[in-house]
Amino acid sequence: MMPVLEDFGLVDACRQAGFVEKTGATFIWGKNREPWDIQFADTPFLPSGFAFHVDRAVFDKILLDNARACGTEVQMRARVTTPLNEDGRIVGVIYENADGETVTARASFVIDASGAASVIGRTATERRYDDRMRQVALYSYYRNIRGAEGFRRGHITVESSPKGWFWFIPMDSEQLGEVSLGLVTGQEFTDEIRVKGAEAFYEEALALAPYVREMIGPQARRVKPIHIVRDWAYTCDKAAGPGYYLAGDAAAFLDPLLSTGVSLAMLAGYSASVCIHTALSEPTMEHEATEFYANNYRQMYEVTRDFLHYFYAGNASAHPNELFWNARRMLKFDENIGAKQAFSFFINTIPGNPHPALQKQIPLFQQFMKKLDHTVNEINSPTGDLVTQQLRLTDRLMDDDVPVVNGRLESSWQFNRAKHLLEQVRGVTFDLDRPIFSSTSSWLLGRNIAALKNEAWDLLKLVDGRRSWSSIVGQYTAAHEGGACQDGEAVSKIIAPLLAEKFVLVRDQP
Ligand SMILES: Cc1cc2nc3c(=O)[nH]c(=O)nc-3n(C[C@H](O)[C@H](O)[C@H](O)COP(=O)(O)OP(=O)(O)OC[C@H]3O[C@@H](n4cnc5c(N)ncnc54)[C@H](O)[C@@H]3O)c2cc1C
């Protein structure tokens, strides 16, 4: 959320609204019942040391007022009824305005941000539910709570309990109360909830969540009835197509466990606006911009889903023989590329791979490995060539050395945030396929790619992990005859910074 708030200059408005600063998360989850923490300031890939716990009504008004101030025409109490589809392209919408009149609005592009209603998404694309995440939430708000102490005061707290897990979110909202307290349980209990009633089911579950109960304290007063929501884990086939972009819940939603919903919705809206601006500025780019958005959305969804399954399954031993946890114990490594990667990284790649991006993630890997239930014994299949490579660092290549690109050479797109445009970039990507410990939001803002100058790009195209350095130099100088790089020394100068940056390693010969 923070990059978008910063770009829009809305951080101060959020402070003035009195939103609690969210500095991390506390979990009672995994191998033992001791609380453990993730502090945003210590998490290298997060863009900021804090976020905000927002009251949505107040927050949405801040965003809406800002949109108005930037020149957006806002129609309140209008309801989109039908997308306008001409020859497979969305060209606008029909809506009912506040006076009940039917209005047709044509547009070059339409962003569907209608949440789960997904007014355009439902007609333009297919929705698929995640069968392993058929969840139900029961939640309410409290006042006069005791709260957490010290550095945990601004944290969301997540405590697993036999029938699911609780969130405790400090709100400090005039309208809602001081804390939001919700239980996420499963559709397995639909009948029990109906028979007992939501209140009784919720209170019984709360009695089995001692840490959260302690934080609520004896004086707490619930100030709203229990709300119920269910069945929210879905995605769509394609988050963008001719004339349309789906942003936020209109495209996909996974689960509240990672508190990603609002920030991903905002990042998606922002990303869609950059793609549309790019297409309007340069119409030949429309297809690339649409594909960039749709592909990144899919990747982001898959990375987050893999991590979520991994996280749920990592709490299995905390509540043995409980229906909810048994149903979520299943973690299939063959399907969960992210988790598979995490294990192979942890055991083999990270200690041997000095890539700066991976090095930054080591403490987080270690923390999750220590806290969650997964054991390394669970890996019973080879996990790809990353694991078996024998790689080493060097600051100078010898003739017989076989250099290897530490990552993948790719041509991709990146945001130019100042110009609000997509820009082509060629370089080394280091986020591999689905790095589950990376920031999911990075996908919506463009891939982690270290840009290369043309000469370095041309040189690395010859680095295939099989050829020796002398053979590469020979081919490069032959191809650049008459240019600046006539000899090995000149070519070495091109590769030297890449060796120093660890974008190029050496493979030891067997
Ligand atoms: C149990 C639960 C707990 C959650 N907890 C968190 C959390 O702690 N943190 C977090 O970040 N996220 C959380 N989320 C997710 C979060 O609420 C959503 O991801 C987020 O609200 C998505 O924002 P959105 O703008 O895409 O959709 P919404 O917030 O649903 O907004 C959609 C808007 O579109 C409007 N609309 C709908 N249909 C039409 C129409 N036909 N015409 C015109 N307007 C229309 C609606 O009135 C609404 O204003 C939680 C979700 C659930 C289910």
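Computation of the quantities below employed the complete heavy-atom set of this structure, encompassing side-chain atoms and omitting hydrogens, waters and symmetry-equivalent molecules. Counting convention: from 1, in listed order, for ligands and their atoms alike. Values in this document were obtained by computation on a predicted structure and should not be read as measured data.
- Using bins of under 30°, 30° to 60° and over 60° for the plane-to-plane angle, the ring pair F292/F415 lands in the tilted bin.
- With W325 contributing its side chain and S161 its backbone, the two residues share a donor-acceptor pair below 3.5 Å.
- The residues K163 and E188 are annotated as not salt-bridged, no charged nitrogen and carboxylate oxygen being separated by less than 4.0 angstrom.
- In this structure, R134 forms a cation-pi arrangement with Y129, its terminal cationic atom sitting closer than 6.0 Å to the ring centre and no more than 45° off the ring axis.
- Of the charged side-chain nitrogens involved, none lies within less than 4.0 Å of a carboxylate oxygen, so that R153 and E149 do not count as a salt-bridged pair.
- Ion pairing of R417 with E6 is absent here, as no side-chain N (NZ or NE/NH1/NH2) approaches a carboxylate O to less than 4.0 Å.
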Could you pull out every N or O of ligand 1 that sits under 3.5 Å from a protein N or O, with the distance for each pair?
unit_1, atom_1, unit_2, atom_2, d
ligand 1, 11 (O), G261, N, 3.4
ligand 1, 11 (O), V262, N, 2.8
ligand 1, 19 (O), D249, OD1, 2.8
ligand 1, 19 (O), D249, OD2, 3.3
ligand 1, 21 (O), R56, NH1, 2.6
ligand 1, 26 (O), D249, N, 2.9
ligand 1, 29 (O), R56, NH1, 3.4
ligand 1, 29 (O), R56, NH2, 2.9
ligand 1, 41 (N), V80, O, 3.0
ligand 1, 42 (N), V80, N, 2.9

